[in-house]
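Heads up, the thing below is written out as structure tokens.
Quantities reported herein were computed from a predicted structural model and do not represent experimental measurements. Side-chain atoms are counted along with the backbone in the values below, which use heavy atoms only and exclude waters and symmetry mates. Just so we're on the same page: letters track the sequence lines, and every chain starts at 1.
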Amino acid sequence: MRLNSTFFIENDVLDLSKYLLGCTFHSMIDGVHCSGIITETEAYTGINDRASHAFGNRRTPRTEVMYCAGGISYVYFTYGLHHLFNVVTGAENDPHAVLIRAIYPLTGINAMFQRVGAKKGLHALSNGPAKLTKCLGITLEHNRMDLDGDLLWFEDNFRHAIARTVAGPRVGVDYAGEDALLPYRFVGFPATASKLQQTK
DNA sequence: TACACGATTTACT
DNA sequence: GTAAATCGTGTAT
């Protein structure tokens, strides 16, 4: 079952960050369908969150997309070489977002290896926010994109495979002062592989 | 126009 | 363990 924009608009960003664990994230880019089970997310909770690009109600050409209604992508470029992918959530003018930090490869694995280089193992293929965008072929072209469309979408398929969810501080946000300590990073630990049966 | 830096990854010592 | 890669973005001039 696909997740639609209403779902991303009406639910709280922290709840969504946890809910997305075990959902699948899909791309159809360069004619290839790739997907993986989401295993790690982070929540960025709006204008009062010092770790967010939208802190202090900052509106710039880059951050403007976060102020749109939920259900669209926020892709940005960092460190001169990496793209990071977020889901914009919440109502218009309330700039919340979920950073997708890791997925476990499910379909299109050959294409993913081609994009990232075939020298690493399956478990290390897309277990980082910049690695998964590279695997799925996501670039700045996929910013501000409908997340229930033909190119990027989510499905609620494998949440039963997540046995336990652990929260901790977000990664790489030391500049955020006290907000760097907030437990807004969520990691889903899988159940045994035998439970990995798709449900619709 | 100029400059400092980043919600990271990789390779190398 | 440390460092390099590398450029869009934000803020200051």
Side-chain angles (χ1 to χ4, degrees), chain A residues 8 12-21 25 27 34 36 38-68 70 72-90 94-105 111-145 147 152 154 165-188:
Chain A
F8 289 117
D12 176 76
V13 65
L14 289 170
D15 293 334
L16 284 167
S17 299
K18 287 175 269 192
Y19 191 95
L20 284 174
L21 297 172
F25 179 38
S27 72
C34 294
I38 298 169
T39 57
E40 183 177 344
T41 61
E42 279 177 2
Y44 288 83
T45 63
I47 64 174
N48 296 314
D49 180 356
R50 301 190 88 90
S52 172
H53 294 162
F55 173 68
N57 210 34
R58 181 166 53 190
R59 281 175 178 264
T60 67
R62 180 178 66 156
T63 64
E64 192 62 31
V65 64
M66 296 179 81
Y67 291 82
C68 295
I72 62 174
S73 60
Y74 169 40
V75 179
Y76 72 94
F77 185 68
T78 191
Y79 292 108
L81 62 166
H82 296 310
H83 300 278
L84 303 205
F85 175 87
N86 299 255
V87 183
V88 175
T89 75
D94 197 4
H96 294 174
V98 181
L99 171 68
I100 308 298
R101 289 194 56 87
I103 63 175
Y104 190 82
M112 292 169 72
F113 272 116
Q114 273 185 3
R115 285 175 175 140
V116 81
K119 50 183 183 262
K120 46 174 69 80
L122 191 62
H123 61 288
L125 189 55
S126 53
N127 61 338
K131 295 162 90 175
L132 75 89
T133 56
K134 191 172 182 185
C135 278
L136 297 188
I138 294 170
T139 68
L140 282 180
E141 292 179 20
H142 307 100
N143 188 33
R144 209 182 187 116
M145 186 162 279
L147 294 179
L152 297 173
F154 293 89
T165 298
V166 174
R170 292 171 292 187
V171 176
V173 295
D174 292 345
Y175 57 83
E178 291 188 357
D179 289 347
L181 303 176
L182 294 169
Y184 287 176
R185 176 194 190 196
F186 303 100
V187 180

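- Contact check for A/Thr39 versus A/Asn127: no side-chain heavy atoms found under the 4.5 Å cut-off.
- Contact of the A/Pro129 side chain with the A/Arg101 side chain is registered, since non-hydrogen atoms from C-beta on lie closer than 4.5 Å.
- The distance between atom CZ of A/Arg185 and atom C1' of B/dT8, rounded to the nearest whole Å, is 13 Å.
- Following rounding to the nearest Å, A/Leu81 (CG) and B/dC5 (C1') show an atom-to-atom distance of 14 Å.
- We find that CG of A/Asn143 is positioned 13 Å from C1' of C/dT9, with the value rounded to whole Å.
- A/Phe55 places its CZ atom 17 Å from the C1' atom of B/dG6, with the value rounded to the nearest Å.
- Side-chain nitrogen and oxygen atoms of A/Lys120 include at least one within less than 4.0 Å of the OP1 or OP2 phosphate oxygen of B/dT10.
- One atom, CD of A/Glu64, and another, C1' of C/dT9, lie 15 Å apart when rounded to the nearest Å.
- The side chain of A/Pro129 approaches B/dT9 more closely than any other nucleotide in the set B/dT10, B/dT9, C/dG10.
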Atom pairs and distances, side-chain donor-acceptor, residues 75-87 of chain A, under 3.5 Å, sequence neighbours left out:
residue : atom : partner : partner atom : Å
A/Asn86 : ND2  : A/Tyr74 : O            : 3.1

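- In this structure, OH of A/Tyr74 is placed 15 Å from P of C/dG8, rounded to the nearest angstrom.
- Nearer the 5' end of DNA chain B, as judged by each residue's closest nucleotide, is the contact made by A/Arg62, out of A/Ala124 and A/Arg62.
- With hydrogens and angles disregarded, a donor-acceptor distance shorter than 3.5 Å links the side chain of A/Ser73 to the backbone of A/Arg144.
- The listed nucleotides are C/dC7, B/dA7, C/dG10; the one nearest the side chain of A/His53 is B/dA7.
- Using a 4.0 Å heavy-atom criterion, one finds that A/Ala51 contacts the bases of the nucleic acid, with or without backbone contacts as well.
- Of all the heavy atoms in A/Leu136 and A/Cys34, the pair that sits closest is CD2-CB, 3.5 Å.
- For B/dT10, the OP1/OP2 oxygens have a side-chain nitrogen or oxygen of A/Lys131 closer than 4.0 Å.
- Between B/dA7 and A/Tyr184, no contact under 4.0 Å exists linking OP1 or OP2 to a side-chain N or O.
- Across all strands, A/Leu84 comes closer than 4.0 Å only to sugar-phosphate atoms, never to a base (heavy-atom distances).
- Centre separation under 5.5 Å together with a plane angle under 30° does not hold for the ring of A/Tyr79 and the six-membered base ring of C/dA5, so they are not marked as stacked.
- In this entry the distance linking NE2 of A/His83 with P of B/dT9 reads 13 Å, nearest Å.
- Atoms CG (A/Leu132) and P (B/dT8) sit 12 Å apart, rounded to a whole Å.
- Taking 4.5 Å as the limit, some side-chain heavy atom of A/Tyr104 sits within range of a side-chain heavy atom of A/Leu122.
- When Watson-Crick and G-U wobble pairs are counted only if both distances are under 3.5 Å, B/dA7 pairs with no nucleotide at all.
- Take the nearest nucleotide of DNA chain C for A/Leu140 and for A/His82: the residue whose nucleotide is more 5' is A/His82.
- Listed pair A/Arg58 / C/dT9 fails the phosphate criterion, with no side-chain N or O lying under 4.0 Å from OP1 or OP2.
- In this structure B/dT1 sits in a base pair with C/dA12, meeting the Watson-Crick or G-U test at under 3.5 Å.
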